[in-house]
Amino acid sequence: MAERSFAAEVQKLRLGAGDEFHGEGILAVTKALLQSGVSYVAGYQGAPISHLMDVLTDANDILRELGVRFEHSASEATAAATLAASVNYPLRGAVTFKSTVGTNVASDAIANLASGGVTGGALIIVGEDYGEGSSIMQERSHAFAMKSQVWLLDPRPNLPSIVDAVEKGFELSEASRTPVMLELRIRACHVHGSFIAKDNRRADFTLKDAIEQPRRDTERIALPPATYLHEQEKVTQRWPQALRFIQERGLNEFFAEDAQDFGIVLQGGLYNGVLRALELLGLADAFGNSRVPLYVLNVTYPLVDAEFTRFCAGKRAILIVEEGQPDFIEQAVNALLRKADVQTRVQGKDVLPMAGEYTGGVLLKGIARFVEQHAPALLEGRELPAAARPQLPAPTPKTIAIQDAASQVHGRPPSFCTGCPERPIFTAIKLIERELGPHHISCDIGCHLFSILPPFNLGATTMGYGLGWAGAAAFNTPETDKRTLAIMGDGGFWHNGLTSGVGNAVFNQSDNVLVVIDNGYSAATGGQDVLSSKADNLIRSTKHPIEKAVRGVGVDWVRTVDHTYSLERMRDALREALTTKTKGPKVIVASSECMLNKQRRIKPLTRKAIGEGRRVVRERFGVDPDTCTGDHSCIRLSGCPSLTIRDNPDPLRRDPVAAVVDSCVGCGLCGEAAHAAVLCPSFYRAEIINNPSRWDRFKQRVRERVIGFLQARIERRLAGLAA
Amino acid sequence: MNATLQPRAITIALLAMGGEGGGVLADWIVDLGEHNGYFAQTTSVPGVAQRTGATVYYLELFPRDAVPAGQAPVLALAPVPGELDVVVASELMEAGRALQRGLVTPERTTFIASTHRVYSMTERTAMADGRVDADKLLDGARAAAARLVTADFASLAEQAGGPIAPVLYGALAASGALPFTREQFEASIERGGVGVKASLKAFAAGHAAALAPAHEPVAPAPAVALGPRLAPLGERIEREFSAEARDILRHGVLRLADYQDLDYAAAYLDRLRPFKDEGELLQETARHLALWMSYEDAIRVADLKTRRSRFDRVAGEVRLAPAQMLQINEFMHPRVEEIADILPAGLGRWLLHTSWARGALGPFTRKGRVVRTSSLGGYLQLYAIASLRGLRRRSLRYEQEQARIEAWLGQVRRLAATHPSLALEVVRAQRLVKGYGDTHARGWRNFERLMATLPALENDERGAQRLQALARAALADENGRALDAALASS
C-alpha cells in the first residue's frame, strides 16, 4: 500500500478529447502515455517519479481496459530490459525510474537496447533528482544519453509541453529507431497545472500479437559482428534521422530570435526560471514575450548544429544556461561553432555557477551579469532586483537583526518517523557498542541511512541500493576476530542485495554480520510493496520471507527478530552475531512494520472500533518533569520526533526537561531504552482505555478507594507547606 | 516605475516540516485561486518533507482577466529571493530559515509565522540547554517583513485537535495579503471535503488570532508564598537574607520541607547563612543547594509518583476524556546501588561490598521493571518505598551526599572572600551532578575532575572563565572527549 492514494485522481486519466485536465505533472505524464497508445509500462519507484508508479498502480484497471501491461520492476535494470519488447515489434513502451541512481543500475540494459535500436517507440522517463532537497549524489543523466547515444528530451516545465514531449518522444524514437530519454526535474514532476486532453488510444499491434507471432532479427542483437554495424548505424543513419525529425517537427523553440544581437540558449526545463529572471529585469513580460532572443532546447541531446549556426547569425554573444556539470552542452557548442567558423562568443559557466541547482536567484544574478556585459543600456533607469545586486549594502540595525536570526537556524534533515521500528535497531547498536566497542558499519540506501545523522552517528559508507553488505566485502580477514556490520533494507535486499550482498558473502566465505531491516514496504520511496511485504496485494505476489531467501542461497546462521522494539532481543541477537564462535556469514532479519504505513492502516480501524463502543486501549509514553533532570540521554538514544524538550517547570532548574508530545504512538522504545540503558525513572506508559468494560470499572472503583485514601494521607503530610 | 503596472504573479512560499499538512495548505490555495479567477501553480520537493525534514512549497497565482487572449502566464517553479508577496512559516526556526534564504523583504512580504518551537535534533540532544535564542528569531522576522503576523498557531491547532495547516490558512485569510474574501477561503476547505468541520474551526481560530493585537508573552514570575507551617522559616528568610534572593530561598525551603521535613528545610537556611549578604552568589548557591539537598533517591521518586497531583497531571497530559480510563506504568530499573542507597549506611556499605549478597539480589535487579502505579499492588510498592523517608537520614546515600555538599560549600565559603567569581562558578558546577545511575556517576566524575583543578585556577586571574569553560566542555559530549581536551590544554 503506497503512502499516497491516487484512487480519485486516476479518474482524470479517463478524460477525452477537449477536456481540461488539472493536476500534478507526473499524473499528466501517465495521461500522455495512454494518449500515445503504449502497450506496456514498467519502472522502479524513487523520488521524484514514485508518484508515477503509484498512479499507475492505482490506475491498473484503466490500464487493463486499454490492454496495457504494467510491471513493478525488481530494479531499474529490469525496467530498462523490459524495453526489449520494442526491439522486434511495433510496440510502444515506457519505463521510469529515479536518475541518476536508477540510470546507473539500468545502464547495462540501456546500452544493449541502444546498440541494436528499436522498432516500436521506447521511452525512458527519468526523474532528475538534482539540486535542493535531492537525496543522492549530484550527477547528470545527460552523460548516459551521450555515451549510449539515446536522445534526451528536457521539455519546458508546463503540462502542455511535458505531454507533448511524451507524444513526440515516441515518434522521435520510431523515426530514428533509437530509445528516447525524457528528463523531468523534481519540481516539474510535482508541478500543478493543466492541459487539454486527447482520447486514450489502444495500440493496434498488441502484446498478444507479439507473443503469438514471435519475430527475431540477428542484426538487432548486441553480439559481434552486429555490434560493429550498430555503431556505424548510430552515426550514419539514426543520428541524421533524429536531427531531421527534431528540425522538421520543431521540437526546439525560438522566441524573439532577432530582437537583439545577443541571445540565450537554455535547457527547456529551465525556461520558466529564465523567463522570470528576464521579467524581473524588465526584459520580458509575464506571458513569455521576451525582448531577448531565446533558443529553447527541448532536446538537449543531440544538438542540432544547423539551428545553432542559424541562432548565432548576427549575434555577438550567446549565454548557455545549462544546469549541472560537466558543461557538456557548452563544450559541444564551442566545438560546433568553431567548426562552422562562427565567431559568436559563447558564455555560460563564466557568469553562472559551474555546479549546483539554478534556482531563481542564481539565474537572475547570472543573466543580469550577461546582459550588463552586452547591453547595459537595456537595464538602465531601473533598480536591479535585490537578488541580482552584486553586493550587500552596509549593515543597518535591521540587517543585523536579520543576520542574528539567520545565525540561529539549524539544519533540519529528515529523520526516522515517530515510532519508526528501525530506530530501536540503531539504539541497540549504540548499546552493543558500549559493550563491545565501535564496529565498522557499512550502510545502504533507505530510511535506515538516517542512522548516519545525529543522534545515532552510525555508519561509515553507502555504496548504493542493496550494496550494504557488498560495501563491507573487503573487510574479511583471519587476522582479527572482530566483525564488521552491514545494513540493508528490504527494498535494497530484493533490488539486488540478495545476490550482490548475501550470495557474495556466502561464496566468499565472509565471517561478518548483515542486518536486514524488514519493515514490510519499500518505505523510503513511499511505502510500495515488495516481495516480503506481509500485506495482501491484489495485483502482486507478496509474503515471501527474507529468511527463506537468505537460507536458500546458503546462509546457515540466520536470526529473525520479529519485534524490533524489544531492545533486549535486538541487542542479544547483535551480541551473538558479533561474538559467536560459528564461522561464516551471519544475517539478522529485523522485522517490524513501517509505523507510517501501520498508522495509515490501523487509524481508521481504531476510530471505527471506538465509535462502535468496543474496548480499545491506546498507549502513549510520558515523562514526569519533576524527576527528569534534563540530561537528555533518552533523546540521544532515540531521536524520536515525539520525544522532545520543553521549559523546565521547576523554578529552581534551568535545563529543559524531556517531554513526550501527543503524536506518540506508544511504540515502547522509550521504556525499553530507559530499562536497557538504565536511564532514569521518569518514563511512564499511559494506557488510555476507551469504552472500559464493567470489570475495568469495578477495579477502578476499588483502586480509587484505596489509592485515594493513601493519597489523602500524602496530602495531609504536605498540607500547610505552600500557601 | 512602470514595473508595478505590468501584471505579475502573486508569489507565495510555505516553509514547513513533514507531517504538518503543508501540501494540504498549498492545495487549498491552488483551489482558492482556480475558483476565483486565477491561474494557480504549486511545486515542492516533497521527498525530504515526509520524514520530519524542512521543506518549501512554492505557489504562484495569476489573475485570468489580466491575461491577453491567446497567451498564458509563465509561472516560476522556485522562489526568487526578495520577490515574495507572502511567506508562511509553520514554526519559528523555519521563519528563521525564510530569513536565511532572503525570502522575506520589507518592500513587499507579508510574513505569517507561528511562534512555537519544534526543537531541532541539536537542541534536543544537548546534555544541558542547547536551545537557540527565540527572541532573536522573532526580532529578525520583525526587521525583515513588510508586515508580520505572529501567534502560537500550533497551540491553537492543538486546541482544535488537528494539524496546523488550517490555522495558518485562517491567518493567511485574515492577513488580507491575498485578494479573496474569508468566505472564498472557507469554500476551498469545504471543496477539499476531508475533515471539513474540524478544519473550519481551526481556520476560525487562526483567523481570530491573526487579527488579535500582538502581545508579548508574560515572563513567568517564580514568586511563591509559604503556608502556615513554613511561616517561621519565611520570617527567617525576611529577617536574615537579602531581598533579591528571598524568592529562591522560599522555593528552597518549600522544596526541602516537601522532600524531607521542616528541620531539613531549616538546615538549608543554616547552610546559607554564611552567604546571607551576598548578591548573585547567594542566589545561585541557594538554588543549587536546594537541588543538591533534594537529590533523587528511590524514596523521592516513589514519593513524587504516588501523589494525586501527579495522577491528575498525567491525565491532563494524555487528554483523558471523562468516559476514558487511565492506567499508568512506570519504567524503573533499581540496581543494587540504588537499593544500597536507601538502606542504613552500614548495611548499604555491606551490601555493596559483599559479593554473595550482591549476587543474591542480582536476579531482581538485572532487568528493568514495569510498575503499574494505578494498580493496587504497584501503588502499595511505591507507597512503601516512599514511606522510608523517615529513615532517610540514616541512609548510605544521605551520608554520602551530605559529606559532598559540605565539601562543596566549604570550597565556596573559602573562595567567596578571595575569589568571588571563581566561587560563583564552583557553585554553578553543581549542575553537572544530575540524573540517575550511570548518568549520575558520569556527572559526579566530571564534577570531581573540575574541583581537582581548583588549586591551579586560584592562581589564574582568568580562573572563573576557565572553570566555566571546563563545565561547558563536560556537557559537550557523553564520553568526556571535550573535557579531556579542555583539561589537557589548560
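As a basis for the values below, the full set of heavy atoms in this structure was taken, side chains included, without hydrogen atoms, waters or symmetry mates. So you know, we letter chains A, B, ... as the sequences are listed, proteins then strands, and number each from 1.
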Of all heavy-atom pairs linking A:H410 and B:M93, the shortest is N-SD, 3.4 Å

Closest non-hydrogen atoms of A:N272 and B:Q41, given as atom of the first, atom of the second and distance, are ND2-OE1, 4.5 Å

Checklist entry - Between B:N329 and A:E619, do the side chains contain an N or O donor and an N or O acceptor separated by less than 3.5 Å? => result no

When the 4.5 angstrom heavy-atom criterion is applied to A:V623 and chain B, the contacting part is backbone

message = As a quick check of understanding, evaluate side chain to side chain contact (heavy atoms under 4.5 Å, CB included) for A:I707 and B:Y383, giving each step before the final call.
response = CA-CA 10 Å; A:I707 292 177; B:Y383 189 83; over 6 Å; no

Stepwise side chain to side chain contact (heavy atoms under 4.5 Å, CB included) check, B:R307 with A:L718:
CA-CA 11 Å; B:R307 296 180 180 190; A:L718 299 172; 3.5 Å; yes

The interface call for B:A225 against chain A, heavy-atom contacts under 4.5 Å, is both

When the 4.5 angstrom heavy-atom criterion is applied to B:M121 and chain A, the contacting part is side chain

Turns out that what part of A:L280 lies under 4.5 Å from chain B's heavy atoms comes down to side chain

Turns out that what part of A:L364 lies under 4.5 Å from chain B's heavy atoms comes down to side chain

All heavy atoms of B:A290 vs all of A:L652, minimum pair found to be CB-CD1, 3.8 Å

Between B:D27 and A:H192, does the side chain to side chain contact (heavy atoms under 4.5 Å, CB included) criterion hold? Intermediate values first, please.
CA-CA 9 Å; B:D27 288 348; A:H192 171 99; 5.9 Å; no

Whatever's closer than 4.5 Å to a heavy atom in chain B on A:D662 counts as side chain

Okay, A:R685 and chain B: the region with an atom under 4.5 Å from a heavy atom over there is both

Taking the side chain as C-beta and beyond, is there a heavy-atom pair between A:S633 and B:E478 under 4.5 Å?
yes

With chain B, the option among A:A722, A:G288, A:A386 that has the most non-hydrogen atom pairs under 4.5 Å is A:A722

Turns out that what part of A:P397 lies under 4.5 Å from chain B's heavy atoms comes down to neither

What one should report as the nearest heavy-atom pair of A:P656 and B:A128 is CD-O, 3.7 Å

Exercise for review: Show your working on side chain to side chain contact (heavy atoms under 4.5 Å, CB included) between B:Y379 and A:Q711 and close with a plain yes or no.
Suggested key: CA-CA 10 Å; B:Y379 189 88; A:Q711 284 177 334; 3.0 Å; yes

The interface call for A:R646 against chain B, heavy-atom contacts under 4.5 Å, is both

Applying a strict 4.5 Å limit to non-hydrogen atoms, the region of A:P48 in contact with chain B is neither

So, the part of A:D647 with a heavy atom under 4.5 Å from chain B: the answer is both

**Q.** Parallel, tilted or perpendicular, as decided by the 30° and 60° cut-offs, for the rings of B:F331 and A:F621
**A.** tilted

Q) Can B:K305 and A:D624 be counted as an ion pair, charged N to O under 4.0 angstrom? A) yes

Whatever's closer than 4.5 Å to a heavy atom in chain A on B:L92 counts as neither

So, the part of B:S120 with a heavy atom under 4.5 Å from chain A: the answer is both

| If you draw a 6.0 Å radius around CZ in A:R389, do more than 12 non-hydrogen atoms from other residues or ligands fall strictly inside? | yes

Residues at least two apart in sequence or cross-chain that pass ring pair (Phe, Tyr, Trp, His ring centres under 6.0 Å) with B:F62, listed by chain then number, are A:F287

Okay, B:T11 and chain A: the region with an atom under 4.5 Å from a heavy atom over there is side chain

Applying a strict 4.5 Å limit to non-hydrogen atoms, the region of B:V371 in contact with chain A is neither

Problem set entry | Check ion pair A:D626-B:R310 (N to O, under 4.0 angstrom) | no

Residues pairing under salt bridge (charged side-chain N to carboxylate O under 4.0 Å, His left out) where one sits in residues 269-279 of chain A, two or more places apart or in two chains, turn out to be A:R276-A:E279, A:R276-B:E60

Under 4.5 Å to a heavy atom of chain B? For A:A712 that would be both

Applying a strict 4.5 Å limit to non-hydrogen atoms, the region of A:L275 in contact with chain B is side chain

Test A:D631 against B:R442 for salt bridge (charged side-chain N to carboxylate O under 4.0 Å, His left out), laying out the working first.
-> CA-CA 11 Å; A:D631 168 71; B:R442 181 189 66 222; 2.9 Å; yes

If one checks every heavy atom of B:V67 against chain A at 4.5 Å, the contacting part turns out to be both

What I want to find out is whether B:D303 reaches A:R717 closely enough, with some N-O distance under 4.0 Å, to be called a salt bridge.
yes

So, the part of B:T373 with a heavy atom under 4.5 Å from chain A: the answer is backbone

| query | So, B:R124 side chain and A:T644 main chain: donor-acceptor pair closer than 3.5 Å or not? | reply | no

Side chain to side chain donor-acceptor pair (under 3.5 Å) test vs A:Y684 passes for just one of B:Q327, B:E317, B:E330, B:R372, namely B:E317

Among A:A719, A:G411, A:A677, A:G131, the residue with the most heavy-atom pairs under 4.5 Å to chain B is A:A719

CE of B:M332 to NE2 of A:H675, rounded to nearest 0.5 Å, is 9.0 Å

Applying a strict 4.5 Å limit to non-hydrogen atoms, the region of B:L320 in contact with chain A is side chain

Applying a strict 4.5 Å limit to non-hydrogen atoms, the region of B:L475 in contact with chain A is neither

Turns out that what part of A:Q403 lies under 4.5 Å from chain B's heavy atoms comes down to neither

Honestly, the part of B:R250 sitting under 4.5 Å from a heavy atom of chain A is neither

query = Where the side chain of B:R97 meets the backbone of A:V409, is there a donor-acceptor pair that is under 3.5 Å apart?
reply = no

When every non-hydrogen atom of A:R703 is compared with those of B:S374, the smallest separation belongs to CD-O, 2.7 Å

Closest non-hydrogen contact found for B:V318 with A:A686 is CG1-CB, 3.7 Å

Bottom line for B:Y119: the part with an atom under 4.5 Å from chain A's heavy atoms is both

_Donor-acceptor pair, side chain of B:Y436 and main chain of A:T627, under 3.5 angstrom_ = yes

Cut-off 4.5 Å, heavy atoms of chain A, and the answer for B:A40 is backbone

Inset, instruction - Could you tell me whether the side chain of A:Q408 and the main chain of B:D133 form a donor-acceptor pair under 3.5 Å? - result: yes

Taken to the nearest 0.5 Å, the spacing of B:H288 NE2 from A:R653 CZ works out to 10.5 Å

Applying a strict 4.5 Å limit to non-hydrogen atoms, the region of B:R300 in contact with chain A is neither

